[in-house]
2 protein chains.
Amino acid sequence: MRTRKTHQTELVMQAVHALDHPTASNVLDAVHELDPSVSRATVFRVLAEAAESGEVQRLVLAGSSDCFDITLCKHAHMVCSRCGAISDVDVPDTSALQRDAVGVKGGRIDACHVQFFGLCPECNRGEPHQNQ
Amino acid sequence: MRTRKTHQTELVMQAVHALDHPTASNVLDAVHELDPSVSRATVFRVLAEAAESGEVQRLVLAGSSDCFDITLCKHAHMVCSRCGAISDVDVPDTSALQRDAVGVKGGRIDACHVQFFGLCPECNRGEPHQNQ
DNA sequence: GCTATAATTAAGACATAGTCTTATTAAGGA
DNA sequence: TCCTTAATAAGACTATGTCTTAATTATAGC
């Protein structure tokens with residue numbers, strides 16, 4: 001369990017809050033702008049621990065590397081097909097989906113993961129491509 | 001475009017058909033049992049080309065490495081939380097989900113990816129753990 | 001403020017997935 | 001059989017993520 005308050009942890013958590021659905025690498029870049037001496041392993045570890053403790057949410061997405069979300073309540077995400085940006089999406093009902101799903105007989109379905117693909121507001125407006 | 005019929009391509013395609021939702025590494029292992037001289041790059045390339053041409057379907061899943069599916073019709077998948085096995089799942093209706101989803105204003109939702117987590121028949125029966 | 005101790009870190013090795021380059025091999029038409 | 005060129009083997013390379021280890025440092029107790 002994290003007990004000591006360190007310079008590095010503060011920088012990482014600040015970055016997660018400042019950025020929108022950042023990957024570990026995004027956080028690393030932001031942290032390095034303030035302090036290039038912080039190691040890659042520390043950023044990955046601090047993020048993993050924060051996700052483990054429930055302080056942030058780790059988003060495991062199809063086709064993207066893991067992102068971190070400070071919004072803890074359950075919601076779905078859209079991945080921009082053009083720039084890769086992650087946007088929040090509210091889905092009214094996914095339980096119906098799970099109920100109606102027909103799996104292999106003998107198997108058991110526990111959870112349902114819904115993810116959308118599309119264009120983020122910027123890319124939809126035809127604005128210059130901005131990769132995360 | 002693939003024009004020549006080679007030993008390596010035959011082995012790879014045979015393996016994809018023999019295995020159930022294999023990853024590229026699964027295919028590599030199977031191919032290596034018959035011919036250890038086939039290179040890793042060849043297996044990845046042949047699979048990528050087969051997916052590109054529509055001969056097989058590349059499954060890009062959350063939390064798993066890409067798998068290859070010989071079933072071309074659209075369906076969802078369940079990832080076994082215990083052993084990682086992929087099972088096919090039929091979902092009656094996902095268009096409703098996309099219609100009802102509320103994204104960021106200005107953005108556009110184009111596609112919907114549904115993935116389930118649960119236990120495959122073997123793991124649900126409490127049979128010995130078998131990792132892919 | 002000083003010291004001891006144990007949590008935290010930096011550095012880099014390691015694992016895995018996937019792509020790319022290049023020299024070599026071999027498929028298949030002439 | 002010979003040629004052309006598609007396809008391959010080998011391995012470099014990128015990226016994400018984890019793990020190990022020795023060094024650093026936060027903080028509790030004095």
Side-chain angles (χ1 to χ4, degrees), chain A residues 1-16 19 21-32 34-53 55-69 79 83-84 86 131-132, chain B residues 1-16 19 21-32 34-53 55-69 79 83-84 86 131-132:
Chain A
M1 178 175 53
R2 180 159 298 281
T3 56
R4 293 183 185 175
K5 185 177 172 184
T6 67
H7 176 53
Q8 291 87 341
T9 299
E10 264 186 90
L11 287 176
V12 169
M13 294 313 293
Q14 262 174 32
V16 176
L19 299 168
H21 299 103
T23 63
S25 293
N26 295 149
V27 172
L28 179 62
D29 291 343
V31 166
H32 271 186
L34 299 175
D35 184 349
S37 76
V38 176
S39 85
R40 201 170 143 274
T42 295
V43 171
F44 276 82
R45 180 178 39 76
V46 169
L47 288 172
E49 286 169 358
E52 187 72 22
S53 77
E55 197 176 350
V56 300
Q57 201 183 347
R58 180 193 288 262
L59 308 180
V60 180
L61 300 169
S64 311
S65 38
D66 291 4
C67 295
F68 295 87
D69 196 340
V79 179
C83 75
I86 313 294
N131 261 90
Q132 277 231 335
Chain B
M1 177 175 55
R2 181 161 298 281
T3 57
R4 293 181 184 174
K5 184 177 173 183
T6 68
H7 175 55
Q8 290 88 342
T9 298
E10 264 186 271
L11 286 176
V12 170
M13 295 314 293
Q14 262 174 33
V16 176
L19 299 168
H21 300 103
T23 63
S25 294
N26 295 149
V27 172
L28 180 62
D29 291 344
V31 167
H32 271 185
L34 299 175
D35 183 349
S37 77
V38 176
S39 86
R40 200 169 145 275
T42 294
V43 171
F44 275 83
R45 181 178 38 76
V46 169
L47 288 172
E49 286 169 359
E52 187 73 20
S53 76
E55 197 175 350
V56 300
Q57 200 183 349
R58 180 193 288 263
L59 308 181
V60 180
L61 300 168
S64 312
S65 39
D66 292 4
C67 295
F68 295 87
D69 197 339
V79 179
C83 74
I86 314 293
N131 260 90
Q132 276 232 331

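Below, read A as the first sequence line, B as the second, and so on, with proteins coming before strands; counting in each chain starts at 1.
A close approach under 4.0 Å does not occur between any side-chain nitrogen or oxygen of B:S25 and OP1 or OP2 of C:dT16. An OP1 or OP2 oxygen of D:dT8 is reached within less than 4.0 angstrom by a side-chain nitrogen or oxygen of B:T9. Distances shown here put a side-chain N or O of A:T6 below 4.0 Å from the OP1 or OP2 atom of C:dT9. Residue A:T23 has no polar side-chain atom (N or O) positioned under 4.0 Å from OP1 or OP2 of D:dG17. Contact between the side-chain N/O atoms of B:Q8 and the OP1/OP2 oxygens of D:dA9 is found at a separation under 4.0 Å. A close approach under 4.0 Å does not occur between any side-chain nitrogen or oxygen of A:T3 and OP1 or OP2 of C:dA7.
Of the candidates C:dC20, D:dT5, C:dA7, the closest approach to any side-chain atom of B:A41 belongs to C:dC20. Closest to the side chain of B:V46, out of C:dG18, D:dT8, C:dG28, is D:dT8. For B:R58, the listed nucleotide lying nearest its side chain is C:dT19; candidates were D:dT8, D:dT18, C:dT19. For B:S37, whose side chain is taken as the heavy atoms from C-beta onward, the closest listed nucleotide among D:dA6, D:dA9, C:dA10 is D:dA9. Closest to the side chain of A:R40, from the set C:dA10, C:dG18, D:dT16, is D:dT16.
With DNA chain D read from its 5' end, the first of the two nearest nucleotides for A:S64 and B:S39 is the one closest to B:S39.
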**Message:** Using the rule given for side-chain contact (heavy atoms from CB on, under 4.5 Å), can you reason through B:L59 versus B:H21, listing the C-alpha separation, both sets of side-chain angles and the distance that settles it, and then say yes or no?
**Reply:** CA-CA 9 Å; B:L59 308 181; B:H21 300 103; 3.7 Å; yes
**Request:** Starting from the C-alpha separation in whole Å, work towards a yes-or-no answer on side-chain contact (heavy atoms from CB on, under 4.5 Å) for B:D35 and B:Q8.
**Result:** CA-CA 9 Å; B:D35 183 349; B:Q8 290 88 342; 5.9 Å; no
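In this structure, OG1 in B:T42 is found 11.0 Å from NE2 in B:H7, a value given to the nearest 0.5 Å. Between B:F44 atom CZ and B:S25 atom OG the span is 4.5 Å, to the nearest 0.5 Å. For the atom pair CG (B:L19) and CZ (B:F68), the distance works out to 12.5 Å, reported to the nearest 0.5 Å.
Separating the CZ atom of B:R4 from the P atom of D:dT8 is a distance of 10 Å, rounded to the nearest angstrom. Taking atom CG on B:L28 and atom P on C:dT16, their separation rounds to 13 Å, with Å as the unit. The interatomic distance linking B:H32 (NE2) with D:dA10 (C1') rounds to 12 Å, in whole Å. Rounded to whole angstrom, the span from the CD atom of B:E10 across to the P atom of C:dG28 amounts to 10 Å. Rounding to whole angstrom units, CG of residue B:D66 and C1' of D:dT16 are separated by 14 Å. Between the C1' atom of D:dT8 and the CG atom of B:D35 lies a distance of 12 Å, rounded to the nearest Å. Atom pair B:F44:CZ and D:dA10:P shows a separation of 16 Å (rounding to whole Å applied). The distance from atom CD of A:E49 to atom P of D:dC19 is 12 Å, rounded to the nearest whole Å.
Using a 4.0 Å heavy-atom cutoff across all strands shown, A:A48 reaches no nucleic acid atom at all.
Side-chain to base pairing of A:R45 with D:dT18: no donor and acceptor N or O lie closer than 3.5 Å to each other.
A:L28 pairs in a side-chain contact (heavy atoms from CB on, under 4.5 Å) with only one of the listed residues (A:V43, A:T23, A:L47), which is A:V43.
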